[in-house]
2 protein chains.
Amino acid sequence: MLDHPLPECPIARFLTVLDGPWAMLIVREPLTGPKRFTELRARLHGLGLGLPGINPKTLSSRLRRFVLLGLVTRRAYPEVPPRVEYELTPAGTRLEVVLAAMGAWAEQDLPRTGAFPIEDR
Amino acid sequence: MLDHPLPECPIARFLTVLDGPWAMLIVREPLTGPKRFTELRARLHGLGLGLPGINPKTLSSRLRRFVLLGLVTRRAYPEVPPRVEYELTPAGTRLEVVLAAMGAWAEQDLPRTGAFPIEDR
DNA sequence: GGAATCAGTTCCCTCAAATGAACTATTGGG
DNA sequence: CCCAATAGTTCATTTGAGGGAACTGATTCC
């Protein structure tokens with residue numbers, strides 16, 4: 001994904017990096033403070049994407065990407081059992097406006113049921 | 001995708017429907033007025049997602065979904081050669097704020113090259 | 001001694017999405 | 001007669017993402 005430069009177009013760049021059903025949902029969690037790996041797993045349960053929960057492989061893969069991109073920091077404490085905390089960087093925190101825009105749009109224009117309103121034009 | 005109700009969480013709902021590298025890029029096009037199928041194909045070339053251009057199958061599949069969800073209208077003119085225009089509904093047009101948020105974030109926080117800044121914390 | 005805890009990794013499998021290329025019907029124009 | 005143009009569809013194939021399940025290492029609690 002970072003093997004060659006990202007697209008010129010900012011939107012395309014965003015989509016390259018934050019693609020997939022999980023990416024933005026993962027980013028949302030540490031907005032309320034640092035989160036541990038297992039904590040993230042637990043909180044990403046039952047969001048009802050048709051998916052039961054996130055696979056640890058998927059989660060660690062996304063987290064590694066985010067750390068690489070500077071959206072998240074990873075802090076490991078040499079304890080037993082191990083403790084690792086993921087925290088948003090300022091850049092990561094700034095994704096909150098995107099999340100807010102997505103949420104607001106969906107609340108207004110994307111009902112849960114298949115009964116979609118016909119807008120007059 | 002509409003076989004059973006969408007998730008309760010608005011963000012998850014957004015991601016269910018507007019997932020994939022192409023969805024938001026397609027929506028962006030008719031913001032500047034109705035667009036024809038071939039026109040969309042042409043404009044979606046060279047965005048550099050590592051992809052050369054969009055496959056017509058992918059495009060027609062997304063357009064069909066958007067029409068179903070009420071984000072886009074499809075108007076066919078019985079001419080030869082055929083002409084079909086895709087236009088955003090008010091709901092589709094409201095996605096502009098999401099696109100703007102994505103773009104602004106990427107411009108500020110997602111550089112093209114792998115040299116990502118380390119933010120002080 | 002055995003179980004539990006945590007943060008992942010590894011293996012194998014499946015499935016949906018995307019791709020490339022060819023093809024359709026229709027008619028006007030050279 | 002043959003080609004071009006439009007809006008797709010169809011076929012066959014690949015790729016990557018995700019899923020399930022099991023496993024690791026170190027240490028503390030029971």
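The model shown is predicted, which means the values in this text are computed figures rather than measured ones. Values below: every heavy atom of this structure, side chains too, minus hydrogens, waters and symmetry copies. The sequence lines fix the lettering, A, B, ..., with proteins before strands; numbering per chain opens at 1.
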Under the salt bridge (charged side-chain N to carboxylate O under 4.0 Å, His left out) criterion, do B:Arg43 and B:Glu29 qualify, and how do the steps go?
-> CA-CA 8 Å; B:Arg43 298 173 71 108; B:Glu29 292 307 328; 2.6 Å; yes
For B:Leu59 and B:Arg41, run side-chain contact (heavy atoms from CB on, under 4.5 Å): C-alpha distance rounded to whole Å, both residues' side-chain angles, the deciding distance at 0.1 Å, then the answer.
-> CA-CA 8 Å; B:Leu59 180 55; B:Arg41 267 183 92 170; 3.7 Å; yes
Would you check, one step at a time, whether the test side-chain contact (heavy atoms from CB on, under 4.5 Å) holds for A:Glu85 with A:Tyr77?
-> CA-CA 8 Å; A:Glu85 285 187 346; A:Tyr77 298 85; 3.4 Å; yes
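In this structure, the CG atom of A:Leu18 is 14 Å from the P atom of D:dA17, given to the nearest Å. In this structure, B:Leu44 atom CG and D:dG8 atom C1' are separated by 16 Å, rounded to whole Å. Summarising the geometry, the separation between CZ on B:Arg83 and C1' on D:dG8 is reported as 17 Å, rounded to the nearest angstrom. When rounded to the nearest whole Å, the span between CZ of B:Arg41 and P of C:dG20 equals 11 Å. Atom-to-atom, CH2 of B:Trp22 to P of C:dA17 comes out at 16 Å; the value is rounded to the nearest Å. Across the protein-nucleic acid pair, A:Glu79 atom CD and C:dA7 atom P stand 10 Å apart, rounded to whole Å. For B:Tyr77 and D:dG8, the OH to C1' distance is 18 Å, given to the nearest whole Å. When the C1' atom of D:dG16 is taken as reference, atom CG of B:Asp19 falls 13 Å away, rounded to whole Å.
Between A:Phe14 and B:Trp105, the ring planes lie perpendicular to each other; the angle is over 60°, past the 30° to 60° tilted range.
Counting non-hydrogen atoms under 4.0 angstrom, A:Tyr86 reaches the backbone sugars and phosphates but no base.
Scanning atom types as modelled, no donor and acceptor separated by under 3.5 angstrom connect the side chain of A:Asn55 and the base of D:dG18.
A continuous path of Ile, Leu, Val, Met, Phe, Trp and Tyr side chains, each step under 4.5 Å between heavy atoms, connects A:Leu31 with A:Val17, placing both in one hydrophobic cluster.
Contacts between residues 32-39 of chain B and DNA chain D, defined by a heavy-atom separation below 4.0 Å, involve B:Arg36, B:Phe37, B:Thr38, listed by number.
Residue B:Ser60 places at least one side-chain N or O closer than 4.0 Å to OP1 or OP2 of D:dT9. Taking 4.0 angstrom as the limit, A:Ser61 places none of its side-chain polar atoms (N or O) nearer than this to OP1 or OP2 of D:dA17. Side-chain nitrogen and oxygen atoms of A:Arg64 include at least one within less than 4.0 Å of the OP1 or OP2 phosphate oxygen of C:dT9.
In the set D:dA5, C:dA17, D:dA7, the nucleotide with an atom closest to the side chain of B:Arg62 is C:dA17. Candidate nucleotides D:dA7, D:dG19, C:dA18 were compared by shortest atom distance to the side chain of A:Lys57, and D:dG19 ranks first. Closest to the A:Pro56 side chain, of the nucleotides D:dA7, C:dC6, C:dT9, is C:dT9. Of the candidates C:dT27, D:dG8, D:dT6, the closest approach to any side-chain atom of B:Val84 belongs to D:dG8.
By the 4.5 Å heavy-atom criterion applied to side chains, A:Arg74 and A:Leu63 are not counted as neighbours.
Expressed to the nearest 0.5 Å, how far CD of A:Gln108 lies from CZ of B:Arg94 amounts to 4.5 Å.
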